[in-house]
Amino acid sequence: MDMTLEEFRLPDYPDARLNLNGQPLTVISTKSFTPESTGQLTTPIGIATVLYHWHPATLAAFLDLDAWFSLTWTVSLPPFPASPSSTGHSIEIGRVGNQITIGTLDAEGEKWSLMLTFNMAETGVWVANVKESMVGEEDITDAEEIARLGQEFVRELVEGRVWEAGKKIKHRFFVEYAPMDIFGDGIQMSPHWLYKALDLKECSTCSARESESGAKLERCGRCGTAAYCSGECQKRDWKVHKGICGMDVLERGQMLRITQKGGLIRWDESKTMVAEEGEESGNPNFAEKQFKRVREMGETEEADIDEIEEDDESAEE
Ligand SMILES: [Zn+2]
Ligand SMILES: [Zn+2]
């Protein structure tokens with residue numbers, strides 16, 4: 001059932017293997033999961049599975065503590081058809097620094113009905129936070145109960161394929177640019193543009209490049225900010241692109257402007273790449289200690305950004 005993401009890397013760290021919860025980074029392959037296999041899911045693997053299958057860069061951002069101070073992934077789900085009185089709800093996966101918060105909220109995304117909190121220890125292990133977890137109005141102060149509820153929560157998400165597009169299902173992703181805080185709760189961002197700029201000569205899904213002789217890419221007819229080599233690639237990206245495509249033109253324009261230097265991460269390198277030369281990263285998700293990214297003086301354009309491995313046919317059905 002497991003799929004170890006041995007080749008998965010954070011951009012700028014081509015040699016650094018990644019861990020999750022102190023173990024080699026693993027997600028569940030959508031090809032093989034069954035209620036039986038999801039029963040074995042741990043909370044960290046479940047969360048990584050959801051983020052990875054929505055878009056691999058979302059998982060990269062989640063693990064990339066040096067670059068993003070906080071991030072939030074939400075999905076709002078319509079009311080259950082079987083229950084006319086239900087009002088729908090939303091699901092949230094978030095990280096602020098090394099603290100992870102997951103749970104369910106009301107349809108407006110304001111009131112938590114379940115909130116589970118974990119802290120990444122220095123070893124990368126997720127430790128249940130017994131001071132900030134709740135079911136309804138009740139505090140949960142038992143670490144084992146938090147672990148059990150976490151497993152139940154991720155199992156439902158994975159079995160329900162909560163990362164998939166669907167009618168009235170809306171996914172959104174926000175990041176807060178480390179270590180500054182000019183946006184408060186962060187800004188809505190496409191995972192495509194976290195680590196690289198929009199390039200309409202490249203398929204937004206599979207990265208196939210437009211060539212003079214052969215392949216011609218088609219742009220999204222509605223917004224023009226995505227390009228695809230095939231209908232299949234367009235379909236696969238819809239779960240991510242839907243939220244961007246429906247945005248206000250000015251808001252999307254701002255998003256494109258601040259990501260044009262090579263993704264949001266290069267927007268203002270004096271703010272994000274503040275490490276001193278040789279300063280160690282405290283990111284517990286690196287299997288071996290790494291140095292923080294350092295700003296390359298004078299080279300702001302298109303520094304060598306390693307692209308995220310998105311070619312993952314095996315993980316799809
Ligand atoms: Zn493609
Ligand atoms: Zn579009």
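For the single chain, residues carry numbers from 1 onward in sequence order. Values reported hereafter were calculated over all heavy atoms of this structure, with side chains retained and with hydrogens, waters and symmetry mates removed. First listed ligand is number 1; within each ligand, the first listed atom is number 1.
Salt-bridge annotation for R293 and D64: present, with a side-chain N of the basic residue lying under 4.0 Å from a carboxylate O of the acidic one. Taking 4.0 Å as the cut-off between side-chain N and carboxylate O, R95 and E176 do not count as a salt-bridged pair. Using a 4.0 Å cut-off between charged side-chain N and carboxylate O, E152 and R148 make a salt bridge. With respect to K111 and E137, a salt bridge is recorded, a charged nitrogen being found less than 4.0 Å from a carboxylate O.
By the criterion of a separation under 2.8 Å, the protein N/O/S atoms near the Zn ion (ligand 1) amount to C203 SG, C206 SG, C229 SG, C233 SG.
Not counting sequence neighbours, the partners of E280 by the side chain to side chain contact (heavy atoms under 4.5 Å, CB included) test are K289, F291.
The Zn ion (ligand 2) is the vertex of the angle joining SG of C220 and SG of C223, which measures 120° to the nearest 10°. Angle NE2 (H241) to the Zn ion (ligand 2) to SG (C245): 110°, rounded to 10°.
Looking only at side-chain heavy atoms (C-beta outward), R266 and Y195 stay at 4.5 Å or farther from each other.
The SG atom of C206 sits 11.0 Å away from atom OH of Y228, with the distance rounded to the nearest 0.5 Å.
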